[in-house]
Structure formats: C-alpha cells, structure tokens
Amino acid sequence: EGYVTSENMRSAIKEALEGTSEPLTEAVIAFPEILLEIDATLLEILQKWDQVKIHEGYVRADTKRLISLCQAISGFSDDKELLYRLITLTFDEKNGTLYAHWLKMCEAETGGKPYHLRNNIPSKRYIESVKESLDEQEGLFRLCDLLYNYCDRFEHEEYIQELMRKKQQISANIVDLLARQKLKARTCRFCGKKLSWNYPYGICESCFRRKVNYRR
C-alpha cells in the first residue's frame, strides 16, 4: 500500500493511478554521458550523436538545444564534463535576461573566477517594490530558479536557503496578485482545465498523454 499527493494535478494523478497503462511502443534515449570519454570536443560528440541511426522502437531525445548552447560556450574551455554540466542547466534560453546570466555563469566557472551571486540575487525590498507587476514577479522567479539550479549544480550551498526563501516570497506575491486582480487563469488550450501560474506548458498532462497516444 502506498500514498501519493501533489499540490497540483491531483485529478491527473488519480486518473493515472486508476487507469490502465498504455503499452509502450517506444523508448526515449537521452544523450549517453559515457560518450564524453571519446577523444573529441563536446560539440563534435553532440553533433555525431545527433546523426547516429537509432534502432526501431527507440527515439533520441532532442539535442538541438544542447548543441546550440554548446556552440555558444565551446571556446570557453576544453573540459567536456564542465561544459556539459553548464549546458544542461535548466532555464529558458530564449529569455534574453536569463541567457545573459547563464553566459556569465559559464564564463565564471570555466575561467575559475567567482560568479557574483550576491550581486544578482534580488533583494526582498526590490521584490516587494514590484509586487504589483505580474511580469516582474514571474521574471524574478525564473531568475531565482536559474540561480538556485546553478548553486545546486556547482555546490554553492551558502546561497541555497536564501534563494529558496526568495522563490517562496515571489510565489506568494504572484498567488496574491492573481487572487486580488482576478486575472484570467491559465488554462489548457485543448480542454480548458485550469493550470497553475508556474506550470511550464500550455497543455495539461492528460491532454498531452492523449495526444502522444494518438500519434502512436
């Protein structure tokens, strides 16, 4: 006997637990990190992996993002493991602000210089000064999320707790702002189900699963 719960998507969890699992028709293969041992640059390895023929029943995970990020920093270092850790940080590379912060992190880590985290963590005072702007709050949350992931990945543990508190503060501000302004809730573009403000996709998990099964 086991128990499961979640702040969001409880109906989807209930549906998954009570339903019948669809038979698997294919498996996704992520980039095998053992390939980092090959005598070649990380960019060359990623590009070769992207061209390898995959056997039927398997699908290669999309490596276009990794290749693009690697191209941006391939001249920073010859350390493949370090570069791989940097390009696999989770953030929205299409966001100019986050991308600029990520590049500075890469320069710092590959150059052996400290990345000035203290100067980039938004202060409590600033967070409160823009608490009426949903765009500002969401931008600050994504920045703190990137900084948190960076600290966690590269063991800058002295900032972890502070960043967690800042994320909680910003999240509370966003929930309060949405409640007071009665802004239109984010919904799934297929079924109209309400989505949480920081849910990363425009389609709910149930519709996504149905869409994947239909394609199969």
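The chain is numbered in sequence order, starting from 1. Computed from a prediction, not measured in an experiment: that's the story for all the values here. Reckoned from all heavy atoms, side chains included, excluding hydrogens, waters and symmetry mates.
Taking the centre and axis of the six-membered ring of F154, the NZ or CZ atom of R85 falls inside the cone set by 45° and 6.0 Å.
Distance check, rounded to the nearest 0.5 Å: CG of L83 to SG of C70 gives 6.0 Å. Interatomic distance, CE of M105 versus NE2 of H156, reported as 9.0 Å (0.5 Å rounding). Atom CZ of residue R165 and atom SG of residue C144 lie 11.5 Å apart, to the nearest 0.5 angstrom. Taken to the nearest 0.5 Å, the CG atom of L86 stands 5.0 Å off from the CG atom of L82. To the nearest 0.5 Å, atoms NZ (K48) and CG (D50) are separated by 11.5 Å. Taken from CD in Q51 to CG in L46, the straight-line distance is 11.5 Å, to the nearest 0.5 Å.
Note on L177 and L143: separate hydrophobic clusters, where clusters join Ile, Leu, Val, Met, Phe, Trp and Tyr whose side-chain heavy atoms are under 4.5 Å apart, directly or indirectly. Taken together through direct or relayed side-chain contacts under 4.5 Å among Ile, Leu, Val, Met, Phe, Trp and Tyr, V52 and L43 form part of one hydrophobic cluster. L147 and L140 are members of different hydrophobic clusters when ILVMFWY side chains are connected at heavy-atom separations under 4.5 Å. In terms of hydrophobic clustering, with Ile, Leu, Val, Met, Phe, Trp and Tyr side chains grouped at heavy-atom distances under 4.5 Å, I67 and V59 are assigned to different clusters. When the side chains of ILVMFWY residues are joined at heavy-atom separations under 4.5 Å, either directly or via intervening members, L42 and I38 end up in a single hydrophobic cluster.
Residues T41 and D78 fail the side-chain proximity criterion, which asks for heavy atoms closer than 4.5 Å. Counting heavy atoms from C-beta on, the side chains of L134 and E138 come closer than 4.5 Å. The closest side-chain heavy-atom distance from L69 to I73 is not below 4.5 Å. In this structure, Y99 and L103 have side chains that are in contact, with non-hydrogen atoms separated by less than 4.5 Å. The side-chain heavy atoms of F31 and T88, taken from C-beta on, include no pair separated by under 4.5 Å.
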Please tabulate, for the side chains in residues 119-127, all donor-acceptor contacts under 3.5 angstrom to protein atoms that are two or more places apart in sequence or on a different chain.
unit_1, atom_1, unit_2, atom_2, d
N120, ND2, Y115, OH, 3.3
N120, ND2, H116, O, 2.7
S123, OG, Y126, N, 3.0

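In terms of heavy atoms, I45 sits closest to A40 at CD1-O, 3.7 Å. Nearest heavy atom pair, residue L146 against residue L98, reads CD2-O, 3.7 Å. The two atoms that bring A72 and W102 nearest to each other are CB-CZ3, 4.4 Å, heavy atoms only. When all heavy atoms of E205 and A12 are compared, the pair lying nearest together is OE1-CB, 4.3 Å. A pairwise comparison of heavy atoms in C204 and C188 identifies N-SG, 3.3 Å as the closest pair.
For CD of E157, the number of neighbouring non-hydrogen atoms (other residues, nucleotides, ligands) closer than 6.0 Å is 12 at most. Around atom CD of E155, no more than 12 heavy atoms belonging to other residues, nucleotides or ligands sit under 6.0 Å away.
A side-chain hydrogen bond (donor to acceptor under 3.5 Å, both in side chains) with K166 is found for exactly one of Q169, Q168, E162, namely E162.
In the model, N173 has a side-chain atom that pairs as donor or acceptor with a side-chain atom of E128 under 3.5 Å.
For an aromatic pair to be called close, the ring centres must be under 6.0 Å apart, and F91 with Y150 fails this.
Hydrophobic clustering, defined by side-chain heavy atoms of Ile, Leu, Val, Met, Phe, Trp and Tyr closer than 4.5 Å, leaves Y3 isolated from every other such residue. Residue V4 belongs to a hydrophobic cluster whose other members are I13, L17, with links defined by side-chain heavy atoms closer than 4.5 Å.
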Residue pair C151, E158: steps toward the side chain to side chain contact (heavy atoms under 4.5 Å, CB included) verdict: CA-CA 8 Å; C151 289; E158 64 273 26; over 6 Å; no

Would E26 and Y58 count as a side chain to side chain contact (heavy atoms under 4.5 Å, CB included) here? Give the steps. CA-CA 5 Å; E26 58 189 24; Y58 294 90; over 6 Å; no

Quick one, Y148 with T90, criterion side chain to side chain contact (heavy atoms under 4.5 Å, CB included). Give me CA distance, side-chain angles, the key distance, then yes/no. CA-CA 10 Å; Y148 177 88; T90 303; over 6 Å; no

Give the C-alpha distance, both sets of side-chain angles, the deciding distance and a yes or no for side-chain hydrogen bond (donor to acceptor under 3.5 Å, both in side chains) between R142 and T97. CA-CA 10 Å; R142 292 188 178 97; T97 299; over 6 Å; no

For side chain to side chain contact (heavy atoms under 4.5 Å, CB included), just list the numbers for F141 and K167, CA-CA rounded to whole Å, side-chain angles, deciding distance to a tenth of an Å, and then say yes or no. CA-CA 6 Å; F141 187 90; K167 289 176 66 176; 3.9 Å; yes

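No donor-acceptor pair under 3.5 Å is formed between the side chain of K113 and the backbone N or O of A108. A donor-acceptor contact shorter than 3.5 Å is absent between the side chain of T63 and the backbone of L66. Checked by atom type and distance alone, the side chain of T110 pairs as donor or acceptor with a backbone atom of C106 at under 3.5 Å.
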